[in-house]
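It should be emphasised that the depicted structure is a prediction, and the values quoted were computed from it without experimental measurement. All ligand and atom numbering here is 1-based and tracks the order in the structure.
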Amino acid sequence: MRETQLVLSNWKFKACQEQEWMEAIVPGCVHTDLLRNGIIKDPFYKTNEHDLQWIDKIDWEYETHFDVNDQLFNASTIELVFDGLDTYADVYVNGHHVLSADNMFRTWKANVTSMVNAKDNVLLIKFRSPVQEDLPKIEKLGYNLPASNDQSELGGLGAQKISIFARKAPYHYGWDWGPRFVTSGIWREARLEGWSGSKITDVYVKQDQVNASKASLTVDVEIESEHEWNGLVKLSAGGQTWEQAAHLKQGINVIQLPVEIENPKLWWSRGLGDAHLYTFTAELCKDKELIAAKSVRTGLRSIRLVRDKDEVGASFYFELNGVPVFAKGANHIPNDSFITEVTDERYRHEIVSAAESNMNMLRVWGGGIYEQSVFYELCDEYGILVWQDFMFACSMYPGDEAFLENVRLEAEENVKRLRNHPSIVLWCGNNEIDSAWAQFDEKGGWGWKKEYTSEQRAVIWADYEAVFHDILPDAVEAFAPGTQYWPSSPLISLSGDINQHAHPLSAEGDVHYWGVWHAVEPFENYNLKIGRFMSEYGFQSFPEYDTVMKFATEQDLALDSKVMRAHQKNGDGNRLIKEYMDIYMSEPKDFPAFLYMSQVLQAEAMKMAIEAHRRSMPYCMGTLYWQMNDCWPVASWAGMDYYGKWKAMQYYAKRSFADTMLSFDKTDDGVINIHAVTDLLESLKGELRLSLYDFTGVLIKQETTQVSTAGNSAAIVSSINELEWLTGCEANRVVLYAELTQGGKLIDSKEHYFVKAKEQKLTSAVIRISEVEGSNGTSFALETDVLAKQVWITAEHEGMFTDNFFDLIPGVAKIVEFRLRESGEAASKPAAAGKVQARSMIDFLAEGK
Ligand code: BMA
């Protein structure tokens, strides 16, 4: 091989204005390096965030000294490569300026062959403050552009929103769940690459046509060559090989190999089949000699976004290998404010959690980053489809030539980097900008337009169109032809008139429904506000007590304390949680109980939403709640907290996303419908048993019916009259329990209550936990003497249970298994839990409630 590389290490850093160098870790950023050197305190603790806003106002520099070995030194080309520089950086090698960077999402390279010595090289990077760099741009523009979540105030910048100028993760500037840490640093690998002659720079497996009998592909092998010569490209995958003669010219060459694979093993999303992956290896040979090689991994599948007109509007669903897929999942945000802190294990834990929760899709939301490769590799492996946004969210952006060119290069590079991932099924231009600006609806949107003159508006919209209707779709078409591009989420369709902008009842396109939460509508509206594809909706909760205690102390434990307010980034958030809790739940006995209750409240809301969406299939074909994860310990819409701990909602989501699920709803005239929803392709045949129990476990009434529905469908499988079933009993002391069995095996079960949680007459429950014999402390049976609601089992070790926050009916035992989360591996296998404990709703209620 004629390629070699040196990953650059041994970095030091300092503020440009200081003398003293300190040790740095690369990849990393100034904040994490300052913390490791003891210069700043934990940014996530208490209100420390507020004291760290000086960091982004000054310039920083990073330096390393390095020697190169003979092989690298003798390479005919030596390149300096940065996979990511955050953001405004000037790079010097041995005193020579070699490049200036201005986009954290791009790769930066410089040919440094003539500058590198064998020994004692100095690489210096100066990071200009993104604040000082971008502030003057507001003046130049003459007005502020809207950036709803930019916490400029907290950053000491008043109303000056500068986040829109930098091609840098929008959430760094703060969000309604995230702190403001405007980082600088080398956030991906930095290295020297040496090569001579020719190298393979890219392998792209273009899937022209794929079905169960044949995959017709074109594999593009990109070769960079220093001279002209005749070689041979060999390609192998799945035990087959292909060859093609290659006449290489100096510069970049693309050799195209037509490839056919008979009876390919298809890639399926979770629940529908194996997520089979093929490795394609390209080798460049000269006679018998191997000159260069490169492997990529992909899955073979056909994917289509189906937007067919129908009586009401148009469908919006993904068809994978010819099968309509109901998308179940959540919106993903970066796992940390300091992205380089996210280990592969944390990514694995997130994706395993998604798969374990019966999800099949995540949306990489546009206010974060184009994720690290490991994220997509895991999605490929676990069969999680990815809706990929470009990194633009809730803001209007400038449109000067330099900005547009920068965006074009960013888009092309990222599409090219990610295009072999079978999991990525759609590229979306931005988050919520089309509906927030609402160009064609004078009074619509978020009120942004009224701040501008009509001339300014015309410019702002033209700049929008340049990016989202030209540059980005062009990049997708050029670099991943055939891949679906969707201009903005949500959107009805690109009609160029008032019918373009989405609303909660759009019968076409995707919908973000925030009536519950931001507009304080009742949870019940989840049953009414349903679109064709629900790409956002959500409800907040607090993380559990242990997580809160990572950033707070006992005296901070009040909703309106300074610390709790600092860890709630949505202005109205704490008030909204409290308000909804007063409506739906009983009063918690103390602050830790309030935390538990907030989780149950959120979980109940999300259950209502998810199940309403699934019951509406095939009208609705997707449900992605806001949001999967957190980037620091905070009150938020997440189902999993910053430490990866599953909130009540994650367990609820797992149940409501089950491939085959029972769900209840009630009509206005007192009919309770029992729905069976299945995403499996086989038709569903089974037995449905409905049992009415009182809270002490007495069986009042029971009915069994045969159930038969088509695969991949939702259907009402039984309807009962509420009044009739409740005759002679008290509605607030009974529960209806539905069980669906197939050949005696329990497929799903679900409870239905006749009154709101706060009206249910709970009594103190004694929950018995017994270890399942022979399970070595991994499995437990739970039983109760009276109805116990939202039973929360906790374990001595860190991990999760197969189920949690469930209701226990006396006489109906529940078995759960523990899954250990060890550092280095997020396990999906049973493991010993240590000591376990169970509490339920009644234990958290204020006396007499
Ligand atoms: C949507 C998202 C985010 C936001 C969330 C909660 O608008 O796209 O911007 O965090 O709602 O408000």
Side-chain angles (χ1 to χ4, degrees), residues 146-151 161 163-164 169-180 329-335 337 361-369 387-397 428-438 444-448 468 486-491 501-504 506 509-521 526 529 531 533-542 567-577 580 602 605-606 609 622-632 634-642 649:
S148 297
N149 288 285
D150 180 328
Q151 294 170 22
K161 313 255 183 207
S163 54
I164 47 139
Y171 83 113
H172 283 169
Y173 296 83
W175 214 265
D176 58 4
W177 36 257
R180 183 183 183 282
N331 286 269
H332 159 91
I333 64 164
N335 276 307
S337 289
M361 183 179 269
L362 288 172
R363 168 172 176 238
V364 178
W365 163 82
I369 59 164
W387 168 310
Q388 177 69 46
D389 284 2
F390 284 96
M391 293 304 126
F392 301 88
C394 306
S395 311
M396 298 309 285
Y397 292 88
C428 171
N430 67 67
N431 176 68
E432 292 185 343
I433 306 180
D434 183 89
S435 51
W437 180 263
W446 299 357
W448 288 353
F468 302 106
W486 187 238
S488 183
S489 177
L491 183 84
H501 316 306
H503 52 82
S506 313
D510 66 326
V511 164
H512 292 190
Y513 170 57
W514 282 102
V516 175
W517 187 260
H518 287 305
V520 212
E521 291 174 23
Y526 281 130
K529 308 285 176 81
F533 192 104
M534 303 300 289
S535 37
E536 271 191 31
Y537 56 92
F539 194 89
Q540 276 203 0
S541 73
F542 284 89
H567 289 254
Q568 165 60 273
K569 290 288 184 176
N570 182 197
D572 272 344
N574 288 352
R575 182 181 62 79
L576 284 174
I577 294 176
Y580 276 99
Q602 175 195 36
M606 289 301 94
T623 179
L624 308 177
Y625 63 77
W626 184 267
Q627 69 207 67
M628 182 73 196
N629 54 333
D630 272 334
C631 69
W632 76 316
V634 66
S636 83
W637 300 266
M640 222 172 73
D641 76 20
Y642 172 68
M649 171 183 159

Out of all atoms in ligand 1, which are within 4.0 Å of some heavy atom of [X]? Include the element for each.
X	result
Cys394	9 (O)
Asp176	4 (C), 6 (C), 10 (O), 12 (O)
Trp637	6 (C), 12 (O)

What protein heavy atom sits nearest [atom], and how far away is it?
atom	value
atom 7 (O) of ligand 1	Glu432 OE1, 2.5 Å
atom 2 (C) of ligand 1	Glu536 OE1, 3.1 Å
atom 9 (O) of ligand 1	Trp175 NE1, 2.9 Å

Heavy atom of [X] under 4.0 Å from ligand 1?
X	answer
Trp514	yes
His518	yes
Ala393	no

**Prompt:** Checking Asn431 side chain against Ala393 main chain: does a donor-acceptor pair fall under 3.5 Å?
**Reply:** no
**Asked** Under 4.5 Å between any side-chain heavy atoms of Trp448 and Ser148, yes or no?
**Response** yes
**Prompt:** What class does the angle between the rings of Trp632 and His567 fall in, given that below 30° is parallel, 30 to 60° is tilted and above 60° is perpendicular?
**Reply:** parallel
**Request:** Evaluate the criterion side-chain hydrogen bond (donor to acceptor under 3.5 Å, both in side chains) for residue pair Asn570 and Trp637; output intermediate values, then yes/no.
**Result:** CA-CA 10 Å; Asn570 182 197; Trp637 300 266; 5.3 Å; no
**Request:** Go through the side-chain N and O atoms of Asn430 and Ser488 and say whether any donor and acceptor fall under 3.5 Å apart.
**Result:** yes
**Message:** Centroid separation under 6.0 Å, is that true for the rings of Phe533 and Trp486?
**Reply:** no
**Prompt:** Quick check, are the ring centers of Phe539 and Tyr625 under 6.0 angstrom apart?
**Reply:** no
**Atom pair NE2/CD of His332 and Gln627 - distance to nearest 0.5 Å** = 10.5 Å
**Item:** Nitrogen or oxygen of Asn431 less than 3.5 angstrom from that of ligand 1
**Value:** yes
**Item:** Geometric N/O contact His512 with ligand 1, under 3.5 angstrom
**Value:** no
